[in-house]
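The sequence lines fix the lettering, A, B, ..., with proteins before strands; numbering per chain opens at 1.
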Amino acid sequence: MGINSKKVELVSDDSCPECGSAHLYRDDHRAELVCDDCGLVVNESEIDTGPEWRAYTAEDNKRMARTGAPLSQRSHDLGLSTVISYASRDFHGNPIPAKQRDRYNRMRMLHRQSNLLRPGQRSLVQALTVLDRMASVLGIPPRIRDEAALITRKALKKGMVRGRSIEGVVAASLYAACRMNNVPRTLEEMSKVSEVDRKKLRKAYSAISRQIKLRVPLVKPEDYVSRFCSKLDLGPDVEAETHRILNELDDSMGTSSFAPSGTVAAAIYVASVRCGEKKPQRLIAEVAGVSEVTIRNRFQFLNERLKLKFPNKRRASAS
DNA sequence: AATGGGCGATATTCGAA
DNA sequence: TTCGAATATCGCCCATT
């Protein structure tokens, strides 16, 4: 059966709202309208796209499942590829002679380099590989990886690697995707795992968000709290206290010109002291990617805005 | 599209408590 | 460890070219 029976019908009377491309396909099996250029699912219906059968046991599942992995933005061909495996035994379990293995190796190479990849796709493959590596280092969930992959696709399509490194574009995409899901990473964090310096990363990011319309919300200090706290081995009580402080704060006013990471660092510091789990500013600064001085400045700021009262300056020992 | 100044936020360093 | 001052640097905004 044709493994590539996905594209069923070219729909001409509409264009993709995301990239304006007219290459829309109706996918009858999944009842979706899919943009062939950016992969956007335009019109997802309410029809259940899961298997029509039910599996009551794991064995049933194995026996009845007949479809492959789901389409993924993270594969350059959306997961619809043919791969020549590296197996050293043939279909019947007999060893493959070395001479034939050599032939297969050569076939595999040619296959990879010629058949599968249109010229523009090589960089995409490379980009997606890099993306996956960076995402797993940062522990970023698959949902967001897919979103980052989609952004990367669009960026490549617009030829935005010209004058930039692929790593930079990928890192910027990942950065954007994280922000769009309200689980932002610091630019420092991104640049640490991507070997791209902050400056280039920032530029790449702003270029991407300019050219591709991205709905990127502002980073709120709250978004960092849970991640930073867990990095600092701070308990849920500190986390809650931090949130309390931050809520109190943005009710009043004007944190907007400060870096959110600095504000959250100061709030965490205060909260850790209040809860008797005091951490040195040094550590908090490191985790939050700001300097100690910034923490102190934001701390002053907090002091002025909301009269912080301390439970008698307890000099509790840190951890 | 580059360039440069102004300006506020932040970084770095250092000494005192 | 924390605090604060002095100094340097960064990044954004705006105007100019």
Side-chain angles (χ1 to χ4, degrees), chain A residues 155 158-165 168-169 171-172 175-176 178-179 184-192 194-214 216-225 227-229 231-235 238 241-242 245-246 249-250 252-319:
Chain A
K158 295 215 170 196
M160 298 189 61
V161 269
R162 206 173 299 273
R164 276 179 270 267
S165 67
V169 173
Y175 174 76
C178 287
R179 276 185 60 166
R185 259 61 181 177
T186 309
L187 275 177
E188 283 81 8
E189 291 175 278
M190 292 304 312
S191 97
K192 201 171 295 171
S194 65
E195 309 288 345
V196 179
D197 61 274
R198 276 220 317 280
K199 218 173 166 184
K200 287 179 182 167
L201 187 49
R202 177 178 287 280
K203 268 199 203 155
Y205 167 68
S206 66
I208 284 181
S209 63
R210 202 182 328 116
Q211 298 214 11
I212 306 171
K213 81 144 216 216
L214 290 179
V216 183
L218 289 184
V219 179
K220 303 178 64 176
E222 285 87 342
D223 298 330
Y224 287 123
V225 174
R227 207 155 50 82
F228 287 171
C229 281
K231 273 193 175 182
L232 288 164
D233 285 326
L234 287 169
V238 180
E241 179 67 12
T242 306
I245 295 171
L246 290 176
L249 185 63
D250 76 3
S252 58
M253 57 182 293
T255 59
S256 50
S257 62
F258 301 128
S261 51
T263 303
V264 76
I268 289 177
Y269 176 67
V270 174
S272 75
V273 174
R274 280 184 178 173
C275 297
E277 301 180 37
K278 182 172 179 179
K279 296 286 179 184
Q281 296 176 353
R282 163 96 236 300
L283 283 182
I284 300 180
E286 188 182 338
V287 168
V290 300
S291 72
E292 302 175 43
V293 180
T294 299
I295 293 185
R296 294 199 277 271
N297 288 336
R298 292 298 80 82
F299 172 77
Q300 302 270 21
F301 183 80
L302 293 182
N303 246 331
E304 293 168 8
R305 294 301 142 129
L306 30 124
K307 303 300 174 209
L308 294 179
K309 50 268 178 194
F310 283 88
N312 273 348
K313 236 201 170 171
R314 97 173 56 159
R315 283 274 168 190
S317 57
S319 54

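For A:Pro280, counting side-chain heavy atoms from C-beta on, the closest listed nucleotide (C:dT1, B:dA9, B:dT12) is C:dT1. When each of C:dG4, C:dT2, C:dG11 is scored by its nearest atom to the side-chain atoms of A:Gln300, the top-ranked nucleotide is C:dG4. With B:dA9, C:dT2, B:dA11 as the choices, the nucleotide that has an atom nearest any side-chain atom of A:Phe258 turns out to be B:dA9. Of the listed nucleotides (B:dT12, C:dG11, C:dT2), B:dT12 has the atom at the smallest distance from the side chain of A:Ser291. Residue A:Lys199 has its side chain nearest to C:dG11 when only C:dA5, B:dT10, C:dG11 are considered. In the set B:dT13, C:dT1, C:dC3, the nucleotide with an atom closest to the side chain of A:Phe299 is C:dC3. Side-chain atoms of A:Arg202 lie closest to C:dG11 of the nucleotides C:dT1, C:dG11, B:dA11.
Going from atom CG of A:Asn297 over to atom P of C:dA6 covers 14 Å, rounded to whole Å. Put simply, CD on A:Glu286 is 16 Å from C1' on B:dT12, counting in whole angstrom units. What separates CZ of A:Arg296 from P of B:dT13 is a distance of 13 Å, to the nearest Å. We find that CG of A:Leu187 is positioned 15 Å from P of C:dC10, with the value rounded to whole Å. Between the CD1 atom of A:Ile295 and the P atom of C:dT1 there is a distance of 14 Å, rounded to whole Å. Rounded to a whole Å, the NZ atom of A:Lys279 is 17 Å from the C1' atom of C:dT2. Atom-to-atom, CD of A:Gln211 to P of B:dA1 comes out at 11 Å; the value is rounded to the nearest Å. For A:Lys203 and C:dC12, the NZ to P distance is 11 Å, given to the nearest whole Å.
A donor-acceptor pair is defined here as one N or O able to donate and one able to accept, closer than 3.5 Å; no such pair exists between the side chain of A:Lys158 and the backbone of A:Ile212. Checked by atom type and distance alone, the side chain of A:Arg227 pairs as donor or acceptor with a backbone atom of A:Pro184 at under 3.5 Å. Within the 3.5 Å criterion, the main-chain N or O of A:Pro217 finds a donor-acceptor partner in the side chain of A:Arg179.
An OP1 or OP2 oxygen of C:dC3 is reached within less than 4.0 angstrom by a side-chain nitrogen or oxygen of A:Gln281.
Rounding to the nearest 0.5 Å gives a distance of 11.5 Å between SG of A:Cys178 and CG of A:Asp223. Rounding to the nearest 0.5 angstrom, the gap separating the CD1 atom in A:Ile268 from the CZ atom in A:Arg298 is 15.0 Å.
Between A:Arg282 and A:Arg198, the residue anchored closer to the 5' end of DNA chain C is A:Arg282, taking for each the nucleotide with the nearest heavy atom.
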